[in-house]
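Worksheet: one structure, shown below.
In this text the structure is predicted, and so the values were computed from the model without any measurement. In each ligand, atom 1 is the first atom listed, and ligand 1 is the first ligand listed.
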Amino acid sequence: MLGTAQGVRIGITGLGVHVPDKVLTNAELAEIVETSDEWIRERTGIRERRIAADDEALTDIALPAARAALEDAGVDAADIDFLVCATVTPDMMFPTSSALLADTLGMPNAAAYDLLAGCTGFVYAIAQAYGMLASGLSRRALVIGGDVLSKILDWEDRSTLVLFGDGAGAVVMEPVDRGGFLGFELGADGGGGEYLWYPGSGSRHFENPESFVKMNGREVFKFATRVMVSSASEILAECGKTVDDVDVYVPHQANKRIIDYAVAKLGIPPEKTIVNVDRFGNTSSGSIPLALADARADGRLHDGALVLLTGMGAGLTWGSALVEWTNGRPS
Ligand code: ACO
């Protein structure tokens with residue numbers, strides 16, 4: 001799916017993030033599985049990640065992020081009429097985490113549902129919110145992306161365990177008087193789904209009931225480097241922009257080597273690229289909002305900044321969004 005924004009401008013007017021308190025370093029992981037700080041840093045760029053406590057579930061880490069986004073936007077929870085939460089690790093299949101969050105936050109007028117698109121979930125979710133707002137069905141949306149992948153990893157499998165961390169982010173989206181989203185490119189290839197999968201997590205019966213994330217790292221790496229470049233190139237061309245126009249590049253934080261490859265191939269200067277995979281690992285749907293928060297903390301999200309977001313992940317899925325940043329809400 002590829003398209004540019006038409007008519008009413010829709011932007012991000014609030015941003016909030018949250019990560020669990022517990023830091024897990026590479027050295028600590030090396031006490032659990034046969035690995036080393038050196039291997040993990042060289043192959044992935046990750047130094048540490050946050051891990052949820054035993055009694056912390058997705059909504060526990062998404063709630064503070066959602067509250068922070070609402071406060072940042074200066075919006076009352078009751079004025080949100082659409083809540084979508086991108087996650088592959090909801091508290092449970094139902095009630096949905098979105099419905100639970102809408103209730104806790106106090107959103108009696110909100111439609112609320114969860115969205116499953118692997119690590120691309122946040123990009124898919126902002127495209128959904130864009131569609132709802134641009135069509136006039138929604139007036140004000142809250143989009144949450146977050147995961148607690150530590151809960152579904154095999155803690156004996158070093159090939160996946162070292163890559164992921166827990167975290168969440170949220171944005172308020174609404175009509176704006178300048179800037180806003182320029183377009184989206186989204187895709188899926190179920191044919192490659194077997195390279196990153198979670199058998200036993202749904203209604204398909206498997207002989208081996210062991211239920212953890214399974215990954216073919218080399219195939220996912222090849223897929224990731226391909227789509228990070230093609231998706232970004234397609235959305236830029238569709239919106240009549242070039243990489244020179246991009247002020248801030250926010251790639252999914254899966255692996256520093258994947259980001260370096262995309263940056264070099266696209267020709268985006270590294271200094272325009274947000275990287276925090278070293279501190280958080282791959283937080284799946286939390287990754288892009290967490291990187292956006294770092295971009296803002298660095299003072300990079302100035303009014304009118306052209307921001308390119310690209311995600312990729314299980315499905316296999318990928319997606320890009322191009323947005324002209326808007327600071328402040330319309331008066
Ligand atoms: N510590 C030490 N050695 C390890 C570890 C580890 N944690 N993991 C694997 N190895 C070993 C392997 O067993 C292998 O050993 P061998 O040569 O004796 O067989 C060796 O290291 C090399 O393994 P490769 O898989 O070839 O290593 P590679 O350079 O491909 O790096 C990695 C592996 C980091 C997983 C890489 O393939 C990658 O990043 N892939 C993309 C993964 C990704 O981004 N997934 C998330 C997608 S988003 C989502 O939706 C969740």
Side-chain angles (χ1 to χ4, degrees), residues 24-49 58 86-90 115-125 145-168 186-190 192-199 201 212-229 231 250-262 275-278 280-288 290-291 309-320:
L24 185 67
T25 64
N26 292 346
E28 288 170 303
L29 273 177
E31 290 169 13
I32 301 170
V33 289
E34 199 179 329
T35 189
S36 66
D37 175 49
E38 191 188 10
W39 192 97
I40 300 171
R41 272 191 292 108
E42 269 179 18
R43 302 287 177 126
T44 71
I46 301 167
R47 285 187 293 112
E48 60 187 37
R49 72 286 293 143
L58 188 266
T87 185
V88 294
T89 48
L115 184 153
L116 269 175
C119 298
T120 320
F122 183 76
V123 180
Y124 267 62
D147 272 301
V148 279
L149 283 176
S150 66
K151 307 280 182 182
I152 61 169
L153 294 174
D154 179 351
W155 281 69
E156 294 179 1
D157 177 6
R158 66 179 183 178
S159 70
T160 49
L161 182 61
V162 303
L163 303 177
F164 299 101
D166 302 334
L186 305 173
D189 171 19
E194 63 183 345
Y195 297 136
L196 183 49
W197 61 315
Y198 182 18
S201 56
F212 296 120
V213 172
K214 312 267 183 202
M215 185 179 72
N216 179 329
R218 286 184 196 180
E219 289 299 333
V220 175
F221 194 93
K222 280 192 264 177
F223 154 77
T225 46
R226 187 176 77 247
V227 298
M228 291 297 286
V229 175
S231 182
V250 182
H252 173 47
Q253 307 286 311
N255 181 323
K256 178 72 164 49
R257 280 159 58 212
I258 294 172
I259 297 172
D260 289 346
Y261 178 91
V275 178
N276 64 15
V277 68
D278 53 326
F280 298 124
N282 180 349
T283 56
S284 189
S285 283
S287 151
I288 286 185
L290 279 166
L309 316 172
T310 301
M312 58 81 193
L316 298 169
T317 55
W318 63 90
S320 288

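Inclusion of G217 in the set of residues having an N or O under 3.5 Å from an N or O of ligand 1 is warranted. Taking distance alone, with nitrogen or oxygen atoms compared against 3.5 Å, S284 stays at or beyond that limit from ligand 1. Residue contacts with ligand 1: A314 is placed with a nitrogen or oxygen under 3.5 Å of a nitrogen or oxygen of the ligand (distance criterion only). Residue N255 has at least one N or O atom closer than 3.5 Å to an N or O atom of ligand 1. Not a single N or O atom of H252, backbone or side chain, sits closer than 3.5 Å to an N or O atom of ligand 1. Taking distance alone, with nitrogen or oxygen atoms compared against 3.5 Å, R43 approaches ligand 1 more closely than that limit. For a threshold of 3.5 Å applied to N or O pairs, the pair formed by C119 and ligand 1 contains at least one separation below that value.
With hydrogens left out, the protein atom closest to atom 15 (O) of ligand 1 is R158 NH2, 4.4 Å, a heavy atom. The protein atom (non-hydrogen) at minimum distance from atom 45 (N) of ligand 1 is M215 SD, 3.3 Å. Closest protein heavy atom to atom 36 (C) of ligand 1: F221 CD1, 4.0 Å.
At a cut-off of 3.5 Å, with distance as the only test, a side-chain donor of T87 or D147 sits close to an acceptor on the other residue.
The CG atom of N216 sits 8.0 Å away from the NZ atom of K222 when rounded to the nearest 0.5 Å.
Listed by number with element, the atoms of ligand 1 under 4.0 angstrom from any heavy atom of V162 are 7 (N). Atoms of ligand 1 found under 4.0 Å from any heavy atom of A254, numbered from 1 in the order shown, are 44 (O). Close approach of ligand 1 to L196 is summarised as follows: ligand atoms under 4.0 Å from at least one heavy atom of the residue are 47 (C), 49 (C), 50 (O), 51 (C). Heavy-atom proximity to G313, at under 4.0 Å, picks out these atoms of ligand 1: 48 (S), 49 (C), 50 (O). Interface of T35 with ligand 1, defined as ligand atoms under 4.0 Å from a residue heavy atom, comprises 1 (N), 2 (C), 6 (C), 7 (N). The contact set between ligand 1 and V220, taken as ligand atoms under 4.0 Å from a residue heavy atom, comprises 41 (C), 42 (C), 43 (C), 45 (N), 47 (C). For ligand 1, the atoms sitting less than 4.0 Å from at least one non-hydrogen atom of T44 are 34 (C), numbered in the order shown with element in parentheses.
Between atom 21 (O) of ligand 1 and the options Y198, W318, W39, the minimum heavy-atom separation is to W39. Summarising the contacts of atom 31 (O) of ligand 1 with R257, R218, M312, E38, the nearest heavy atom is found in R257.
Contact record, I258 with A224: CD1-CB, 3.8 Å, taken as the closest heavy-atom pair. The minimum heavy-atom distance linking C119 with H252 is given by the pair CB-NE2, 3.3 Å.
For the pair T35 (side chain) and R158 (backbone), a donor-acceptor distance under 3.5 Å is absent. A donor-acceptor pair under 3.5 Å is formed between the side chain of D166 and the backbone N or O of L149. For the pair N26 (side chain) and I46 (backbone), a donor-acceptor distance under 3.5 Å is present. Between the side chain of R257 and the backbone N or O of R43 there is at least one donor-acceptor pair closer than 3.5 Å.
Here N282 has side-chain heavy atoms under 4.0 Å from ligand 1, and that is the only part of it that gets that close. When heavy-atom distances to ligand 1 are checked against a 4.0 Å cut-off, V33 has no atom that comes that close, whether in backbone or side chain.
Residues D154 and V213 fail the side-chain proximity criterion, which asks for heavy atoms closer than 4.5 Å.
Contact between I258 and ligand 1 is present, with at least one heavy atom of the residue lying under 4.0 Å from the ligand. Using a 4.0 angstrom heavy-atom cutoff, S159 counts as in contact with ligand 1.
Under the 4.0 angstrom criterion, atom 34 (C) of ligand 1 counts as having a protein heavy-atom contact.
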